Amino acid sequence: MKKNRNKTGFKIPDNYFADFEAQLYSKIDEINFPPRTGFKVPENYFERLDDSVFNKITASEKQHKVISLFPTKYLGYAAAFAACLVIGFSIFNTANEQETLDALQLATIDKYIDEGNLNFDLYDITTFIDDDNIINTNLEEQQFSEAVLKNYLLENVDEKTLIDEQ
Amino acid sequence: MVEEKVLVTALQTEADKEAAFRELVSQYKERLYWQIRNMVLDHDDADDVLQNTFIKIFRNINSFKGESKLHTWMYRIAANESITFLNNKAKRNNTSIEAVKDNALRNLESDVYFEGDAIQLQFQKAIALLPERQRLIFTMKYFEDHTFEQLSQILDTSVGGLKSSYHIAVKKITQFIKTNNETL
């Protein structure tokens with residue numbers, strides 16, 4: 001075989017020729033796509049936007065004057081009344097306390113989660129997870145059919161990223 | 001146009017913050033708006049998300065450390081806000097994110113702020129069917145002309161991964177349009 005005598009010194013990115021065709025066909029497909037979204041905005045929307053953003057910021061930062069619902073002179077009576085209630089409850093209601101508390105907590109927690117208030121950071125959660133369950137899981141006994149797995153991987157796994165990040 | 005570094009310094013200085021922020025809003029409002037609009041489709045929703053994006057930027061500007069470019073950071077906030085908005089809307093209506101998109105698409109046909117023809121409508125439908133991240137990548141690249149390198153910084157993904165996601169998206173859209181043209 002004839003040897004290349006002269007080298008250009010040029011280099012190409014890894015996988016350039018492997019990806020070239022995919023990129024080319026993708027470009028050809030794109031030719032048929034409409035160039036614009038078709039969306040429009042109300043007249044003068046962008047002119048008015050600056051002020052409305054600022055109004056929102058200043059409105060949320062403005063300190064509101066707090067008016068007390070109860071004049072302070074009644075505070076002593078209210079505190080005494082509340083103390084009586086607490087003592088009364090703790091004397092007459094000890095038997096069922098544990099049960100009611102559990103039920104209440106579960107219901108409240110359910111509602112809290114349903115309303116979308118639970119906003120954990122993914123990283124916070126992962127610190128609480130150990131991998132025992134994953135290790136002990138026997139995948140062959142699970143009911144994942146090959147087709148389902150294949151579909152899942154096709155839709156969710158970006159093989160290019162995996163290869164690139166190796 | 002004020003240089004980004006100067007703008008960041010002014011934004012983090014209490015006395016100059018407001019003027020600098022006004023400059024920032026006027027420089028980026030349109031670009032961020034279109035990025036968001038492509039995700040949420042409806043103008044009023046896009047307006048809400050855009051305003052929240054700017055408010056978040058204003059509130060968090062002091063914690064901006066300059067590890068990325070300011071505009072990269074803002075695009076990232078806008079992307080996250082759009083996806084959070086769609087998720088929250090689905091949760092509020094007790095439905096799935098797909099149902100929210102279906103609904104937004106149906107509304108598009110009668111939306112006074114949509115002037116697209118039948119082909120553009122079909123195009124939007126095809127885009128809406130993509131998974132969120134692919135949709136974000138496709139619209140930011142196709143309509144807003146970000147380079148893959150810029151997108152890689154905004155979305156914190158490798159260029160190779162972005163390219164392959166983009167091509168998958170183009171393939172799916174082409175397939176959708178083809179199938180629908182055949183059934184017409």
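Here is how names work: the chains are called A, B, and so on, in the same order as the sequence lines, proteins then strands, and each is numbered from 1. Values below: all heavy atoms of this structure, side chains included; hydrogens, waters and symmetry mates excluded. All values derive from a computational prediction rather than experimental measurement.
Within the 4.5 angstrom heavy-atom criterion, atoms from both the backbone and the side chain of Asp47(B) approach chain A. Neither the backbone nor the side chain of Tyr25(A) comes within contact range of chain B, judged by heavy atoms closer than 4.5 Å. For Asp111(B), no part sits under 4.5 Å from any heavy atom of chain A, backbone or side chain. Residue Arg92(B) does not touch chain A at all, counting heavy-atom pairs closer than 4.5 Å. Heavy-atom distances place the side chain of Ile177(B), and not its backbone, under 4.5 Å from chain A. With a 4.5 Å cut-off on non-hydrogen atoms, His43(B) touches chain A through its side chain but not through its backbone. Residue Ile127(B) does not touch chain A at all, counting heavy-atom pairs closer than 4.5 Å. The parts of Gln120(B) that come within reach of chain A are both its backbone and its side chain, each placing non-hydrogen atoms under 4.5 angstrom from that chain.
Of the listed residues Arg36(A), Glu30(A), Glu47(A), Lys56(A), the one with more heavy-atom pairs under 4.5 angstrom with chain B than any other is Glu30(A). Most heavy-atom pairs under 4.5 Å with chain B, from the set Pro34(A), Ser26(A), Ser52(A): that is Pro34(A). The residue among Leu41(B), Ile119(B), Asn52(B), Leu121(B) with the most heavy atom pairs within less than 4.5 Å of chain A is Leu41(B). Most heavy-atom pairs under 4.5 Å with chain A, from the set Gln124(B), Arg59(B), His167(B): that is His167(B). Among Asp14(A), Asn32(A), Asp50(A), the residue making the largest number of heavy-atom pairs under 4.5 Å with chain B is Asp50(A). Note on Tyr142(B), Trp34(B), Phe21(B): by heavy-atom pairs under 4.5 Å with chain A, the leading option is Tyr142(B).
Aromatic pair Phe46(A)/Tyr33(B): centroids less than 6.0 angstrom apart. In summary, the aromatic rings of Phe54(B) and Tyr28(B) are positioned with their centroids too far apart to meet the 6.0 Å limit. For Phe39(A) and Phe143(B), the distance between ring centers is not under 6.0 angstrom.
Expressed to the nearest 0.5 Å, how far OH of Tyr166(B) lies from CZ of Phe138(B) amounts to 5.0 Å. Atom CD of Gln51(B) is separated from atom CD of Glu81(B) by 12.0 Å, given to the nearest 0.5 angstrom.
Geometrically, Lys40(A) does not engage Phe114(B) in a cation-pi contact, judged by NZ or CZ lying under 6.0 Å from the ring centre and within 45° of the ring axis.
When only modelled atom types and interatomic distance are considered, Glu23(B) and Gln27(B) share a side-chain donor-acceptor pair under 3.5 Å.
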**Request:** Decide side-chain contact (heavy atoms from CB on, under 4.5 Å) for Ile61(B) and Lys17(B); before the verdict, give the C-alpha distance in whole Å, the side-chain angles of both, and the deciding distance to 0.1 Å.
**Result:** CA-CA 10 Å; Ile61(B) 191 68; Lys17(B) 190 173 181 177; 3.7 Å; yes
**Prompt:** Would His146(B) and Tyr75(B) count as a ring pair (Phe, Tyr, Trp, His ring centres under 6.0 Å) if you check the C-alpha gap in whole Å, the side-chain angles of each, and the deciding distance to 0.1 Å?
**Reply:** CA-CA 11 Å; His146(B) 286 288; Tyr75(B) 281 121; 4.7 Å; yes
